[in-house]
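This is a predicted model, so every value here is computed, not measured.
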Amino acid sequence: MSTFVERVPLRFEQVTTDETGINTAEFLDAARGVVMLFDELGSAAFVAVKSDISGNIDKVQAKYDTDKVAFNTLEKIVLAEAGTKDRKASQGLLWLKRGLEFTAQGLSRSLANATEELADSFRQAYEATLKPLHGFVVKAVFNVAMAACPYRKTFYEKLGGDDEAVHKGLEVWVAALQKHLKQLDDFYKKGAYDKGL
């Protein structure tokens, strides 16, 4: 049986960067793997989370598709939209980044705490990432989703087994994702590109 990390379209550690930023097409393909991860959680409660991440991927993809050369990095998309009224892709990327930060922190906590149930890992990740940005209704949706997390053992079995190979693959995948998220976070902060989004 293949592991989850082997089944994703592209792993985050395969996403390339250059002096202008993070490769758009590769990052979006890797982010689609996160949507697959929520499929592995197997709960209807995560439909809203998956939909949000997918919708934000689609916003960035739509901009990229208008000019794949000019928008070959995520940063170029944000720079092109800066100071304009149409910042749909920049907003989509910002919220995609936030959703990926939630996922990365949840998985990182789970991997670091072998006895912690998945619901607890993701609840703590939600508190640290998305909760301060959400209103009452969205917080309630996330609370339902956290309560519907499968047991740790069940989740890791779906990813390929609760063994060292699966954990190592996930650790590399999450570490690479966190590296890209830090680069995006630094970029947004440096240029104050998140203002008004």
Side-chain angles (χ1 to χ4, degrees), residues 4-5 8-13 15 22 27-61 74 78 89-113 116-152 154-156 158-159 166-167 169-189 193-194 197:
F4 165 75
V5 174
V8 296
L10 192 74
R11 296 188 309 270
F12 283 106
E13 63 269 26
V15 175
I22 300 168
F27 186 84
L28 295 177
D29 281 346
R32 288 182 181 92
V34 174
V35 175
M36 290 174 59
L37 178 76
F38 285 106
D39 286 335
E40 298 292 339
L41 289 170
S43 171
F46 285 99
V47 169
V49 178
K50 282 177 36 181
S51 177
D52 186 57
I53 290 175
S54 294
N56 288 317
I57 290 170
D58 291 345
K59 288 175 187 176
V60 180
Q61 183 74 51
L74 297 170
V78 175
S90 297
Q91 182 182 42
L93 179 59
L94 178 64
W95 280 100
L96 175 60
K97 178 185 79 68
R98 291 170 174 167
L100 295 175
E101 286 168 340
F102 158 71
T103 306
Q105 281 195 31
L107 284 174
S108 185
R109 278 191 61 88
S110 178
L111 291 165
N113 301 295
E116 185 172 84
E117 280 299 331
L118 207 59
D120 295 326
S121 296
F122 277 92
R123 193 172 287 113
Q124 292 296 321
Y126 180 69
E127 295 280 335
T129 58
L130 294 173
K131 187 176 181 179
L133 304 166
H134 283 164
F136 177 76
V137 173
V138 177
K139 286 178 186 176
V141 169
F142 268 83
N143 281 333
V144 169
M146 297 310 107
C149 278
Y151 289 111
R152 176 188 183 85
T154 304
F155 175 69
Y156 281 103
K158 288 181 178 183
L159 297 186
V166 171
H167 286 257
L170 278 174
E171 286 170 357
V172 170
W173 189 69
V174 169
L177 169 56
Q178 289 173 321
K179 178 183 148 209
H180 293 306
L181 293 173
K182 179 167 181 358
Q183 182 174 336
L184 282 174
D185 199 45
D186 291 346
F187 172 76
Y188 267 93
K189 284 179 182 170
Y193 298 119
D194 57 344
L197 296 178

**Message:** Run the side-chain hydrogen bond (donor to acceptor under 3.5 Å, both in side chains) test against Asp58 and tell me which residues pass, sequence neighbours left out.
**Reply:** none
**Fill in**
Heavy-atom nearest pair, Ala125 first then Gly106, reads CB-N, 3.3 Å
**Asked** Is there a donor-acceptor pair under 3.5 Å between the side chain of Asn113 and the backbone N or O of Arg109?
**Response** yes
**Prompt:** Does any donor atom in the side chain of Tyr156 or Ser110 lie under 3.5 Å from an acceptor atom in the other side chain?
**Reply:** yes
**Message:** For Arg123, is there an ion pair with Glu127 - N to carboxylate O distance below 4.0 angstrom?
**Reply:** no
**Prompt:** Below 4.5 Å, heavy atoms only, C-beta onward: do Arg11 and Val8 meet side chain to side chain?
**Reply:** yes
**Request:** Anything under 30° is parallel, anything over 60° is perpendicular, the rest tilted; go ahead and classify Phe102 against Phe122.
**Result:** perpendicular
**Prompt:** Rounded to the nearest 0.5 Å, how far apart are CG of Leu94 and CG of Leu184?
**Reply:** 9.5 Å
**Prompt:** Do you know which two heavy atoms are closest between Val15 and Ala30, and how far apart they sit?
**Reply:** CG2-CB, 3.8 Å
**Message:** Closer than 3.5 angstrom, by distance alone: can the side chain of Glu117 be matched with the main-chain N or O of Arg152 as a donor-acceptor pair?
**Reply:** yes
**Distance (rounded to the nearest 0.5 Å) between Met36 CE and Leu159 CG** = 10.0 Å
**Message:** Can you tell me how far apart CZ (Phe155) and OG (Ser121) are? Round to the nearest 0.5 Å.
**Reply:** 9.5 Å
**Request:** Sequence neighbours left out, what passes ring-ring contact (aromatic ring centres under 6.0 Å, His included) with Phe4? Give chain and number order.
**Result:** Trp173
**Asked** Would you find a donor on one side and an acceptor on the other, under 3.5 Å apart, between the side chain of Asn56 and the backbone of Asp52?
**Response** yes
**Item:** Under-4.0 Å salt bridge between Lys189 and Asp186
**Value:** no
**Prompt:** Below 4.5 Å, heavy atoms only, C-beta onward: do Leu37 and Leu107 meet side chain to side chain?
**Reply:** yes
**Prompt:** How about Phe38 and Ile53: do any of their side-chain heavy atoms sit closer than 4.5 Å?
**Reply:** yes
**Request:** Measure the CG-NZ distance between Leu93 and Lys59 for me, rounded to the nearest 0.5 Å.
**Result:** 11.0 Å
**Message:** Return the CD to CD distance between Glu116 and Gln124, rounded to the nearest 0.5 Å.
**Reply:** 6.5 Å
**Item:** Arg98 side-chain N/O to Thr129 backbone N/O, donor-acceptor pair under 3.5 Å
**Value:** no
**Min side-chain heavy-atom separation Phe12-Leu181 under 4.5 Å** = no
**Item:** Phe27 vs Val60 side-chain heavy atoms within contact, under 4.5 Å
**Value:** no
**Request:** Rounded to the nearest 0.5 Å, what's the gap from CD1 on Ile57 to CG on Leu100? Could you check?
**Result:** 7.0 Å
**Prompt:** Okay, side chain of His180, backbone of Ile22: is any donor-acceptor separation there less than 3.5 Å?
**Reply:** no
**Prompt:** Between the main-chain N or O of Pro150 and the side-chain N or O of Thr154, is there a donor-acceptor pair closer than 3.5 Å?
**Reply:** no
**Asked** Leu130 and Gly99: which non-hydrogen atoms are nearest, and at how many Å?
**Response** CD2-N, 4.2 Å
